[in-house]
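One structure below.
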Amino acid sequence: MSDAAQFSSVLVGIDGSDAAIGAATWAVEEAVSRSVPLVLIGVMPSIHPSAEEYQRELHHADVSLRAARAAVEATGRPVKVDTDIATGQPAAVLIARSRDAELVCVGSVGIGRYERSILGSTATDLAEQAHCPVAVIRPSHSGGPSDIHWIVAATNGTPDDEAVIEGAMREARLRRLPVLLLGRQPRHGDGGDELDRTVALWRKRFDDVHIYPVAFHGDVAHFVREHDEPIEMAVVGAADASELAGILGRHGRSSVLVIRSRPDGSAGSGQGAGSGQGA
């Protein structure tokens, strides 16, 4: 393992699938904005029935990492790229490595026996147990020429609201996308709209991000399933990591970012992105 993997990094699970390569290229801007290396990691089983099987697994991991690295380098972005091959269960390896990572990214779909090794329960386990934020990246989908792609988050009155919304705003700034901020419709006689006040506060902090309040009774997963807006990413807190399957779903189009707050209450994203221009 190279030295870069021992320090803070953005970590991407690579399994040979197109989805994993998509996650790697998506993660480039995350690493650049944090000024940390991008570490691509392949995971092999710890035990092999024969030397031939070991060589096949090793060859597959090596080829997969080379392909992902080539895709990252093709972006032309100034990011340091490192690769590593680990052994063990994919979820356990990535969870352990997440202790020293700024962010862990995986693709949401794969094809074939190799690609499925990092999917399914791995993404769920990672989202629920990782020690840093987790991004599960859907393959990009094209929309119409006038479509606006959104980042969606919700204010639920929970302790991690601050970290979740901050994570959504920083992601929106980095990707130059607008935000739909969900909140409950105020009850009659409340004397004001708390959601509008929340949006106003965040607009002051992120004046380069376009934020739109949406009164909605339900969680982010319900919103993603019930609305046709092109949603680039749904941002949720660690307490809502169980929503992952509901947001991705069989026909889901949205990637998911699971935020974990730091002890100071800030989003565990560590992004140093400069001001961008909202959509």
Side-chain angles (χ1 to χ4, degrees), residues 1-43 61-86 90 93-108 110 118 123 126 130-140 149 151 166-177 208-209 232-233 235 255-260 262 266-278:
M1 182 174 70
S2 90
D3 291 341
Q6 299 175 16
F7 299 96
S8 183
S9 62
V10 171
L11 184 66
V12 185
I14 300 299
D15 60 6
S17 66
D18 289 342
I21 291 179
T25 56
W26 179 90
V28 168
E29 294 303 326
E30 303 293 329
V32 171
S33 72
R34 294 166 168 81
S35 300
V36 298
L38 182 67
V39 178
L40 311 177
I41 180 169
V43 183
D62 183 61
V63 169
S64 299
L65 289 170
R66 288 176 183 273
R69 182 174 193 138
V72 167
E73 292 175 344
T75 67
R77 299 292 286 140
V79 61
K80 175 176 172 53
V81 185
D82 196 10
T83 60
D84 185 24
I85 298 176
V93 169
L94 293 174
I95 290 167
R97 295 291 182 90
S98 73
R99 292 182 181 277
D100 301 315
E102 290 279 325
L103 174 71
V104 178
C105 308
V106 293
S108 66
I118 206 168
L126 188 60
H131 303 282
C132 69
V134 173
V136 182
I137 305 302
R138 272 283 190 185
S140 60
H149 289 247
I151 288 178
E166 182 182 356
M169 297 305 165
R170 292 184 180 278
E171 196 62 38
R173 172 179 286 173
L174 182 63
R175 306 290 171 177
R176 299 189 176 187
L177 294 173
D208 55 319
V209 176
E232 191 77 12
M233 174 162 281
V235 183
S255 298
V256 181
L257 176 62
V258 180
I259 294 291
R260 279 177 171 78
R262 298 185 184 281
S266 65
S269 57
Q271 291 173 349
S275 294
Q277 182 175 349

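Along the sequence shown, the residues carry numbers beginning at 1.
Here CD of Glu102 is found 12.5 Å from CG of Leu38. Values are rounded to the nearest 0.5 Å. Between Ser9 atom OG and Arg97 atom CZ the span is 9.0 Å, to the nearest 0.5 Å. The CE atom of Met233 lies 9.5 Å from the CG atom of Leu177; values are rounded to the nearest 0.5 Å. Here OG of Ser98 is found 7.5 Å from CZ of Arg260. Values are rounded to the nearest 0.5 Å. Taking OG1 of Thr83 as the reference point, atom CG of Asp62 lies at 8.0 Å (rounded to 0.5 Å). Atoms CD1 and CD1, on Ile21 and Ile14 in that order, are 7.0 Å from each other to the nearest 0.5 Å.
Of all heavy-atom pairs spanning Ser255 and Ile137, the tightest one is OG-CA, 3.4 Å. Val209 and Ala172 get closest at one heavy-atom pair: CG1-CB, 3.8 Å. Closest approach of Ala23 and Gly107 over heavy atoms only: CB-N, 3.7 Å. Among all heavy-atom pairs drawn from Val104 and Cys132, the shortest one is CG2-SG, 3.6 Å. For the pair Ile41 and Ala86, the tightest heavy-atom approach, listed with the atom from each and the gap, is CD1-CB, 3.9 Å. The minimum heavy-atom distance linking Val10 with Ala27 is given by the pair CG1-CB, 3.9 Å.
Between Leu40 and Arg69, some side-chain heavy-atom pair lies under the 4.5 Å cut-off. In this structure the side chain of Leu257 reaches within 4.5 angstrom of the side chain of Leu103, judged on heavy atoms. Contact check for Ser64 versus Asp15: no side-chain heavy atoms found under the 4.5 Å cut-off.
A salt bridge is defined here as a Lys NZ or Arg NE, NH1 or NH2 lying under 4.0 Å from an Asp or Glu carboxylate O, and Glu29 with Arg77 meets this definition. A salt bridge links Arg175 to Glu30: one of the charged nitrogens lies within less than 4.0 Å of a carboxylate oxygen.
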